[in-house]
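To start, the structure itself, in structure tokens.
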Amino acid sequence: MCGIAGIARRDGPPPTARALLAMAAALRHRGPDGHGLFTGQRVGFAHTRLSIIDLAGGAQPLTNEDGSVIVVYNGEIYNYVELQAELETLGHRFRTHCDTEVLVHGWEQWGEDMLDRLNGQFAFALYDRRDQSLFLARDRFGVRPLFYALTDGDLVFGSEVKALLASGEVSGSVDSEGLDEVFTFWAARAPRTPFRGIRQLEPGTCARWREGELRVRRYYRLDYPAAKAEPGEAVSELDSLMRTGVSLRMRADVPVGGYLSGGLDSSITCALAAANSPYDLRTFSVTFQDPALDESAYQMQLAGELGSVHSVEHIDNRVIATVFPDVVHHTETPLVRTAPAPLYLLSKLTRERGIKVVLTGEGADELFLGYDLFKETVVRRFCARQPAPGRATAGVQGLVGPRARSVPGDGDVAGVLSSQFPGRPDGHGQQRRGSVPVPGPPTVQIHGRVARRQQASGAQGERDPAALGRRRRAPHAGGAAEAAVSCA
């Protein structure tokens, strides 16, 4: 991943190279391969580069032929080859082979409608000198971050809050409401952040700044149309999408690796990557001291099947405690669990092995309902439909209590759960240590830690927010990694 930053002035002195260099320095860890600046009368850009495509010719900021459109960009446009071919047929001439140049020519051709054509994960800033406007955009699901602050018409933006603070134009005071959201939802909900006056561009959103005014609009909304395909057709389409998605993400001028957790999500992704890689696939895993969390047997089995060059990071509690301050520094938010620490250590191992880009299984649990939280939601909805006295208590206790039992009567909760959630994308079909069986066909497994917390906090289902959605397995590295490319 790269780092982008910039300043736009409504009036007054132009952005200084000194301020832009300070912002770039704050983002050096995102782009250790080089940096670039643009300084104009009203707008200035800074960029730190992690070179992946067109290593020699992809430096930024990058312009069109006459210099009227300038862009800084973080991410990857996976369909850039097809877009470049289309733009060339329309008369545009390309000077590089990098995906960044698609943005400037796409802007010339389609303007903001270009966003509908992009298949990728990105955050970019584009300055159009013809009307003195600055355009910001973030990908549909917000894989790449973008923060900004607007003060008296002046706009400051960057890939991380650290860049905004380094500019000397933004303070770092705490937003109490943002902090409250962190400890309620695990993260401040976009556009809010834990910092007062600093906002994040929401996923699927773009913004246009001109003469001190910033107009934000949503260009993408997730839609769930009614299913039209038969189950067999849906499976075939999913298979095609998975193969295409992984193949597109293998477009790079450097070797692409994979995080291998041992679960189905990363295992499928790595298997597809191995079939598309011109190199011996490099895979990376973490192991834990706690046997209940360690999945090294599955990791080694998969690595052997794929014939990958496999590297392992062994993690204990002492190491997690040691790196946790660094993790908080990079995440720029309070953390309610230590899961990002293993991600950080795995990213470090990946970089030390010379791999800049990795595929992950991140997003599978959200897409395929793999979190225990989704099962708990079904329980709550079931109980809400039949709120007879004691029934909700019996239902929850029957699923998570120490002596689990099915809820009597019509609409058995265990049956509802097992029919809607027969398996998890990140599991192996094996009962884990501490699981609580629900007797009687059909059955469902709920993680023992969830059961213990539920028992401790009462039978009505009131839960500590930090326990909601706790994963059954140890998480593997993903979006927080320095060089990670999510394959969600």
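Remark: Arg251 pairs with Glu82 by the side chain to side chain donor-acceptor pair (under 3.5 Å) rule, at least two apart or across chains. Applying the side chain to side chain contact (heavy atoms under 4.5 Å, CB included) rule to Ser296 yields the partners Thr287, Asp294, Gln299; only residues at least two apart in sequence or on another chain are considered. With sequence neighbours left out, His330 forms a ring-ring contact (aromatic ring centres under 6.0 Å, His included) with His29, Tyr344. The side chain to side chain contact (heavy atoms under 4.5 Å, CB included) search around Val309 returns Asp280, Arg282, not counting sequence neighbours. Arg353 pairs by the salt bridge (Lys or Arg N to Asp or Glu O under 4.0 Å) definition with nothing, not counting sequence neighbours. Phe147 is linked by a ring-ring contact (aromatic ring centres under 6.0 Å, His included) to nothing, counting only residues two or more places apart in sequence or in another chain. Arg189 meets the salt bridge (Lys or Arg N to Asp or Glu O under 4.0 Å) test with Glu181; sequence neighbours excluded. With sequence neighbours excluded, the residues satisfying side chain to side chain contact (heavy atoms under 4.5 Å, CB included) with Val216 are Tyr148, Leu201, Thr205, Ala207, Leu214. Residues passing the salt bridge (Lys or Arg N to Asp or Glu O under 4.0 Å) test with Arg218, sequence neighbours excluded: Glu202. Judged as a side chain to side chain donor-acceptor pair (under 3.5 Å), and not counting sequence neighbours, Asn79 has no contacts. With sequence neighbours left out, the side chain to side chain contact (heavy atoms under 4.5 Å, CB included) criterion links Leu241 to Glu237. The salt bridge (Lys or Arg N to Asp or Glu O under 4.0 Å) check on Glu366 picks up nothing, with sequence neighbours excluded.
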Leu359 vs Met250, side-chain contact (heavy atoms from CB on, under 4.5 Å): CA-CA, chis, key distance, verdict: CA-CA 9 Å; Leu359 303 181; Met250 299 298 292; 3.7 Å; yes
Verdict with supporting geometry, His310 and Ser285, side-chain contact (heavy atoms from CB on, under 4.5 Å): CA-CA 8 Å; His310 192 61; Ser285 299; 2.9 Å; yes
side-chain contact (heavy atoms from CB on, under 4.5 Å) between Glu177 and Arg192, intermediate numbers included: CA-CA 9 Å; Glu177 293 189 30; Arg192 190 182 296 279; 3.2 Å; yes
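In this structure a side-chain-to-backbone donor-acceptor pair under 3.5 Å is present from Thr193 to Ile198. Looking at Ser159, its side chain does come within 3.5 Å of a backbone N or O of Ile4 through a donor-acceptor pair. Gln289 places no side-chain N or O within donor-acceptor distance of the main-chain N or O of Ile315, the cut-off being under 3.5 Å. The closest donor-acceptor contact from the side chain of Lys348 to the backbone of Leu343 lies at 3.5 Å or more, if one exists at all. In this structure a side-chain-to-backbone donor-acceptor pair under 3.5 Å is present from Thr244 to Ser240. With Ser247 contributing its side chain and Arg243 its backbone, the two residues share no donor-acceptor pair below 3.5 Å. Side-chain atoms of Thr48 come within 3.5 Å of backbone atoms of Gly3 as a donor-acceptor pair (strictly under, hydrogens ignored). Side-chain atoms of Ser277 never come within 3.5 Å of backbone atoms of Ala274 as a donor-acceptor pair (strictly under, hydrogens ignored). Side chain of Gln200 to backbone of Pro191: no donor-acceptor contact under 3.5 angstrom is found.
In this structure, the separation between SG on Cys98 and CD1 on Ile77 is 11.0 Å, given to the nearest 0.5 Å. In this structure, Asn119 CG and Glu76 CD are separated by 11.0 Å, a value rounded to the nearest 0.5 Å.
Side-chain atoms of Asp99 and Tyr73 include a donor-acceptor pair closer than 3.5 Å. For the residue pair Ser51 and Lys356, a side-chain donor N or O sits within less than 3.5 Å of a side-chain acceptor on the partner.
Contact annotation: the side chain of Thr269 approaches that of Val246 to within less than 4.5 Å [non-hydrogen atoms, C-beta and beyond]. Between Gln121 and Tyr78 the shortest side-chain heavy-atom distance falls below 4.5 Å. Contact check for Val328 versus Leu335: side-chain heavy atoms found under the 4.5 Å cut-off. Arg30 has its side chain out of reach of Leu50: every pair of non-hydrogen atoms, C-beta onward, lies at least 4.5 Å apart. Looking only at side-chain heavy atoms (C-beta outward), Cys206 and Leu136 stay at 4.5 Å or farther from each other. Between Tyr259 and Ser347, the closest side-chain pair of non-hydrogen atoms falls below 4.5 Å. Counting heavy atoms from C-beta outward, Ile52 and Asp253 have side chains that stay 4.5 Å or more apart. A heavy-atom distance below 4.5 Å is found between the side chains of Asn74 and Pro145.
Note that Arg144 lies outside the cation-pi zone of Phe122, set by a 6.0 Å cut-off to the ring centre and a 45° limit from the axis.
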